[in-house]
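Order of listing sets the numbers, starting from 1, for every ligand and every atom in it.
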Amino acid sequence: MNINECLSYDDVLLTPQYSNIKSRSEINIGAALDQNHNFAIPIISAPMDTVTEASMALKLGKMGALGILHRYNKIEQQLEMAREVRKNLPEDLPIAAAIGITGDYMERATELINGGVTILCLDVAHGHHVLMKNALSSIKDRFADKVHLMAGNIATKQGFKDLAAWGANSIRIGIGGGSICSTRIQTGHGVSTLQSVFECAKISKASGVKLIADGGIKNSGDMVKAIAAGADMIMVGSLLAGTTETPGEVIKNKDGHTYKVYRGMASKEAQMKWRGKTSSLEGISAFVPLRGSVSQVVNELSVGLRSGFSYSGARNIFELQS
Ligand code: IMP
């Protein structure tokens, strides 16, 4: 057994650097997942049933960010969401949707690609797995480069190398770090996401396979740290939870305060809803206060990102990382 020292977002601060940037408008926070998928804002909403359905994906798409339609529904329901996004978004903007790696995943993938989805997210809790290898290779065999394949989650260099070798175009990094995650308590497993990002970044840059930091991002400062450590884009759940565009009912308490539910997909509540039974419980369910529109929240995060780049004297992601 090796015991390594790991640093997490709250253990780290970036040292301010000399800057010759006169206005934050000179800063470009844009990112790319590949040649065909460019984003003005490096933020991705998590494929969770209390975060991303059509309304979230549409709003983020229009802002130049990305929403991944969750997979915890029937294929027709997810396809309906993809169609709604496709009709309402300009043709050149990408649509992303999640699939699993067992059961009907190939049928789901086929329907979604036919429905206009250009980014498929192979979305499982433990992505460094033989079933991921099989799923990536089957999808690559059938669709070649017709679709961008995002895969995860993983936490180690070996995980990153393997998923890249199996055909992933981008990889979600982060095991155990999500705000609604109880994987570390239930299973004893996990790695600080910042540490995982830092360790996988070299392989990512050398291979061209993009790196997405996922889970535990609490504010724009954490985003700047994750990007500085090597992330291309940032996936968030809790930061967008409670916005108008998230699915779910508005709940009012007796004092008149309003809330929505935000829950882990491995929470008891989510598992009961999508498969009618529970297996290992690795997530929790929470009430979060309503907090306005997603554009307001993402605009605030973007302002923070620009300001963070400016403290490092960086005009873009490349300069921040170097
Ligand atoms: P947050 O941004 O810290 O709220 O984390 C969101 C991330 O948590 C998602 O993108 C997933 O990677 C992860 N996640 C979602 N549901 C669960 C769960 O039930 N258990 C553990 N991790 C989860």
Rounded to the nearest 0.5 Å, the OG atom of Ser196 sits from the CG atom of Asp214 at a distance of 11.0 Å

Tyr72 meets the ring pair (Phe, Tyr, Trp, His ring centres under 6.0 Å) criterion, sequence neighbours left out, with Trp274

Under 3.5 Å, which donor-acceptor pairs do the side chains of residues 249-256 form with other protein atoms, sequence neighbours left out?
{"unit_1": "Asn253", "atom_1": "OD1", "unit_2": "Asp255", "atom_2": "N", "d": "3.0"}
{"unit_1": "Asn253", "atom_1": "OD1", "unit_2": "Gly256", "atom_2": "N", "d": "3.1"}
{"unit_1": "Asn253", "atom_1": "OD1", "unit_2": "His257", "atom_2": "N", "d": "2.9"}

Applied to residues 79-102, the side-chain hydrogen bond (donor to acceptor under 3.5 Å, both in side chains) test, sequence neighbours excluded, yields none

- If the plane angle is over 60° it's perpendicular, under 30° parallel, otherwise tilted; pick one for His148 and His37. perpendicular

Between Glu282 and Ser280, is any side-chain donor less than 3.5 angstrom from a side-chain acceptor?
yes

At a 4.0 angstrom heavy-atom cut-off, ligand 1 is contacted by Ala46, Met48, Asn153, Arg172, Gly178, Ser179, Ile180, Cys181, Thr183, Asp214, Gly215, Gly216, Met235, Val236, Gly237, Ser238, Tyr262, Gly264, Met265, Ala266, Ser267, Glu282, Gly283

